[in-house]
Amino acid sequence: MDLEEFLSENGIPPSPSQHDHSPHPPGLQPASSTAPSVMDLSSRASAPLHPGIPSPNCMQSPIRPGQLLPANRNTPSPIDPDTIQVPVGYEPDPADLALSSIPGQEMFDPRKRKFSEEELKPQPMIKKARKVFIPDDLKDDKYWARRRKNNMAAKRSRDARRLKENQIAIRASFLEKENSALRQEVADLRKELGKCKNILAKYEARHGPL
């Protein structure tokens, strides 16, 4: 049996124009006899392999102006001027320190003790009250008790004023020594800065500005 008889017996028209051009069932595409075309990857080079993973090129992009810098930068912290200590060769007299310290408390330290403007203001002159003569027959126990109380208050006031004056004197002496040391340090730093500027000028003259 040849092909034409098989087609006629099964009711299949021999002409391919009256049926689907493809002998395969509907929905299936015939395999191409030609060689598969090479995929063009040039347009896909910059596309990420997965939608949720960013492209490596995005990770390598530099920081643009206006973007926030990373929080873990090694930024130097500000320096508190009060924490800076200048080596000063100053040793006050122990006797002066004893006269400037309150008994039973910590020894006075001129390096730490600072005085406010209010404390450094001169004390106003207080006009003494006019003495009133009291006869001996009126000097009773109440009078002598009041007299002892006033004497103790006056003594405390004189001691506090003398203590403060001694502290200010020692503090002023220390500040003079510290000022001299700071002036010497500034002179050394200016000398070192001049050397650095000369080196930088020679470098820029030879290799151009930085």
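Just so you know, these numbers come straight off a predicted model, no measurement behind them.
- One distance of note links NZ of Lys112 with CD of Glu106; it measures 6.5 Å at 0.5 Å rounding.
- Here the CD1 atom belonging to Ile170 is positioned 8.0 Å from the OG atom belonging to Ser173, to the nearest 0.5 angstrom.
- Annotation: ring pair (Phe, Tyr, Trp, His ring centres under 6.0 Å) contacts of Phe174 (sequence neighbours excluded): Tyr90.
- Here OG of Ser100 is found 9.5 Å from CE of Met107. Values are rounded to the nearest 0.5 Å.
- What you find for Leu163 and Ser101 is that their closest heavy atoms are CD1-N, 3.6 Å.
- Each side chain to side chain donor-acceptor pair (under 3.5 Å) pair with one or both residues in residues 193-210, not counting sequence neighbours, would appear here, but there are none.
- Linking ILVMFWY residues whenever their side-chain heavy atoms come closer than 4.5 Å, directly or via other members, leaves Leu182 and Leu189 in distinct clusters.
- One finds the CD atom of Glu165 at 12.0 Å from the CG atom of Leu99 (value rounded to the nearest 0.5 Å).
- Shown here are the side chain to side chain contact (heavy atoms under 4.5 Å, CB included) partners of Glu91, two or more places apart in sequence or in another chain: Arg111.
- We find the CG-CG distance between Leu200 and Leu193 to be 10.5 Å, quoted to the nearest 0.5 Å.
- In terms of the salt bridge (Lys or Arg N to Asp or Glu O under 4.0 Å) criterion, residue partners of Lys114 (sequence neighbours excluded) are, by chain and number, Asp82.
- Under the side chain to side chain contact (heavy atoms under 4.5 Å, CB included) criterion, Arg158 pairs with Ala154, Lys155, Arg161, Arg162, not counting sequence neighbours.
- Counting only residues at least two apart or on different chains, no salt bridge (charged side-chain N to carboxylate O under 4.0 Å, His left out) pair has a member in residues 170-188.
- Atom CG of residue Leu175 and atom OG of residue Ser180 lie 12.5 Å apart, to the nearest 0.5 angstrom.
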